[in-house]
Structures are given as C-alpha cells and as structure tokens.
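Report on one structure; see the data block that follows.
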Amino acid sequence: MASQVVRLPLFGGPRAWHSFDWTSSDDRVRGGSSHSHMSCSPASLIARFHGTLDITTLGGAGFASQWTTGEGRNWDLSGYDGIELRIARGDGKRYTITLKNEAVPKQPDGRQQSTLSWEYDFHADVEKTIFIKWADFRATYRGKDKEDAKPLDLTSVKRFSIMMRSFFGTQEGDFSLDIVSIAALRTKHYRDDPEDDMTDCDFVDEKLEDTLDMSKSQGWLGWFGGFCGLRG
C-alpha cells in the first residue's frame, strides 16, 4: 500500500516567490562588508540567494543572510515532521537554514538582538531535495551551540533564514543558491512496515488540496509531477 506525504508550501513551489517576504541581515551591521540579496518575482519558479561574503574586514569572520520579514508572522508546523528544501542549483558552498521562535525588531543601529536559533547546515551544488527532520536542527545562541536550550516551539515559528557564513575563514567570495521551494512535510504511512522507504508515494498539498503522482516526476521543473526521493 502506498505512502503519502503532506506538504505545506511555505515559500515557492506552487506559490509565487515575493521579494517583500525577505530582508537582508549582513555583517555590515557589525562593521563588515558582506552583502546578500534574495532575487525573486511572482513570475519566477525559483528564488536566487546571492551576494558576496567578505571576511577580510572582520579578520576572517563574516556572514550574509536573508530573513523573512514581519514581526507578527507565525507558522504552526507542529503537525509536520520537518522541512523540505528543494534546490535547483548551487555553487557547492556550505549554507545554513535557520528557524526562530522570536522575531525581535532591529535595534536603532541596525543590529538584530540575539535570540535562540535552530540551525541546519547543508552543501548544494546540483539539483537536490533535502529533508530536514526537526531533530536535525541544532540550537545555537550567537553562533555557538546551546546544549541546554529549550526545544523549538513548532506551534510558533516566527522567522526563517538562509545564511552564508565564513565558518571560521573556510569560505568567502561570491555565492549563489537557486531555491525552488521551502515546505513543511508530514509523512503518512499506510502499512505497518516501519522501514517503508516511500519508493511509491504521493505528495498531498494540504493548502491546494492537490494530490501529486510521484511516478511522473521529471526534475525540479516537473513540480506538478512531484519529487518522491527525499535525500540529504
């Protein structure tokens, strides 16, 4: 018997990307020189996160990121198993996706007040789909792991972020990542086999009430054919 995956589209996919959903948070607020952009439009199938990571100004450190906008936004993801990140192409560099339970306004000097973050690092060069379970996100505070952090409150996710950072001077320069979509996923199993690898499955878009036949998938441009293989 087939399995199903319920997808909650968050950004992209069947929903248009909008530039007003994102804003930059780069190391320039700390005296650095890095900069980032999220280039997207309702007419585009993908969003391009790109810019330049400069690590010379801050002596080997640096970051460039795009955060979701709005202090009153809230996503209840408690009914899902994790985040699906679909990449069209990348440059092979290491990126970070971040979730926050707090959306604190910027200070007068432009700096973001430090709050707990839940992060996951990934590499991207070619087309790929990354499924990130909630347990795979690590809690951090000011860039350092926080072992005694409270769990991520999945009922109240306030912000998402895509970041490029130096990782202690190991990467720098221009970067570019083309993102097809970010979605929350819940797996529905219809047989008792706990090792079901979902080789025969459907994607059910909970928002659009649309069941997608996974056997017709043909790459990221075949969005309406779905993408069955979840791989990190």
Side-chain angles (χ1 to χ4, degrees), residues 7-30 32-54 62-77 83-91 93-113 115 117-122 124-125 127-130 132 156-165 173-185 205 207-208 219-224 227:
R7 175 190 284 116
L8 174 65
L10 300 172
F11 305 98
R15 298 170 178 273
W17 287 93
H18 294 286
S19 58
F20 55 73
D21 278 331
W22 303 89
T23 186
S24 62
S25 179
D26 305 327
D27 61 21
R28 287 176 293 175
V29 299
R30 301 181 183 275
S33 303
S34 302
H35 60 87
S36 68
H37 308 277
M38 186 71 86
S39 298
C40 52
S41 72
S44 178
L45 291 174
I46 62 175
R48 184 177 178 229
F49 172 55
H50 61 105
T52 301
L53 180 67
D54 181 285
F63 66 89
S65 66
Q66 289 285 315
W67 285 97
T68 49
T69 56
E71 298 173 20
R73 304 182 76 174
N74 184 82
W75 291 271
D76 183 353
L77 307 181
I83 293 294
E84 179 201 57
L85 184 61
R86 295 172 57 121
I87 305 298
R89 65 186 63 85
D91 52 17
K93 292 184 177 181
R94 187 178 174 187
Y95 292 85
T96 303
I97 181 170
T98 300
L99 280 63
K100 279 183 175 286
N101 281 146
E102 297 178 79
V104 180
K106 289 183 179 180
Q107 301 176 26
D109 63 359
R111 296 191 182 194
Q112 191 77 47
Q113 182 176 329
T115 58
S117 300
W118 283 264
E119 302 181 352
Y120 181 84
D121 301 329
F122 63 94
D125 47 7
E127 174 190 342
K128 66 190 301 185
T129 296
I130 305 168
I132 313 163
S156 185
V157 175
K158 300 292 188 181
R159 278 188 175 163
F160 289 82
S161 170
I162 299 293
M163 175 181 287
M164 162 59 59
R165 54 162 59 121
D174 294 341
F175 61 89
S176 180
L177 180 70
D178 287 352
I179 310 170
V180 180
S181 62
I182 302 173
L185 255 63
D205 188 320
K207 288 287 186 180
L208 303 181
W220 72 269
L221 284 175
W223 170 267
F224 293 103
F227 199 114

Task: Between CZ on residue Arg30 and OG on residue Ser25, distance to nearest 0.5 Å - done: 8.0 Å
Open item on the list: Can you confirm whether Leu10 sits close enough to Trp75 that some side-chain heavy atom of one is under 4.5 Å from a side-chain heavy atom of the other?
Closed with: yes
Task: Residues which pass side-chain contact (heavy atoms from CB on, under 4.5 Å) with Ala47, listed by chain and number, not counting sequence neighbours - done: Trp17, Met38, Cys40
Open item on the list: With heavy-atom distances below 4.5 Å as the criterion, would you say the side chains of Glu84 and Ile132 are in contact?
Closed with: no
Open item on the list: Nearest 0.5 angstrom please: Ser65 OG to Ile97 CD1, how far?
Closed with: 12.5 Å
TODO: Identify the two heavy atoms, one from Glu102 and one from Thr115, that lie closest to each other, and give their separation to 0.1 Å.
DONE: OE2-CB, 3.8 Å
Task: side chain to side chain contact (heavy atoms under 4.5 Å, CB included) between Arg165 and Leu53, worked out - done: CA-CA 7 Å; Arg165 54 162 59 121; Leu53 180 67; 5.6 Å; no
TODO: Compute whether any side-chain donor of one residue and acceptor of the other, for Ser24 and His37, lie under 3.5 angstrom apart.
DONE: no
Task: pair His35-Arg28: side-chain heavy atoms closer than 4.5 Å - done: yes
Task: ring pair (Phe, Tyr, Trp, His ring centres under 6.0 Å) against Phe122, all qualifying residues, sequence neighbours excluded - done: none
- [ ] Return the orientation label for the Phe11 and Trp22 ring planes: parallel under 30°, perpendicular over 60°, tilted otherwise.
- [x] tilted
Task: From CZ (Phe63) to OG (Ser36), nearest 0.5 Å - done: 9.5 Å
Task: Nearest-0.5 Å distance that lies between atom OG in Ser181 and atom CZ in Arg7 - done: 6.5 Å
Task: Check: Asp26/Ser34 side-chain N/O donor and acceptor closer than 3.5 Å - done: no
Open item on the list: A side-chain contact here means heavy atoms from C-beta on lying under 4.5 Å apart; do Trp118 and Asn101 qualify?
Closed with: yes
TODO: Please examine the side chains of Asn74 and Val157, heavy atoms only from C-beta on, and report whether any two atoms are closer than 4.5 Å.
DONE: no
TODO: Evaluate the side chain to side chain contact (heavy atoms under 4.5 Å, CB included) criterion for residues Asp178 and His50: first the C-alpha distance (whole Å), next the side-chain angles of each, then the deciding distance (0.1 Å), finally the verdict.
DONE: CA-CA 8 Å; Asp178 287 352; His50 61 105; over 6 Å; no
- [ ] Give the minimum heavy-atom separation between Thr98 and Ser117, together with the two atoms involved.
- [x] CG2-CB, 3.6 Å
Open item on the list: Tell me the closest heavy-atom pair linking Thr68 and Arg159, and the distance in Å.
Closed with: OG1-CA, 3.4 Å
Open item on the list: Would you compute the distance between atom CG of Leu85 and atom CG of Leu185 and round it to the nearest 0.5 angstrom?
Closed with: 11.5 Å
Task: Heavy-atom check, side chain of Ile162 versus side chain of Trp67, under 4.5 Å - done: no
Open item on the list: Can you give me the closest heavy-atom contact between Ser33 and Asp27, atom names plus distance?
Closed with: N-OD1, 3.2 Å
- [ ] List the atom of Phe175, the atom of Thr52, and the distance in Å for their closest heavy-atom pair.
- [x] CE2-N, 3.4 Å
TODO: Indicate whether the side chain of Glu119 and that of Thr96 have a donor and an acceptor atom separated by less than 3.5 Å.
DONE: no
- [ ] Work out which heavy atom in Ile87 is nearest to a heavy atom in Val180; give both atom names and the distance.
- [x] C-CG2, 4.2 Å
TODO: Output the distance between atom CG (Asp174) and atom CE (Met164), rounded to the nearest 0.5 Å.
DONE: 10.5 Å
Task: Side-chain donor-acceptor pair present, Asp21, Thr69, cut-off under 3.5 Å - done: no
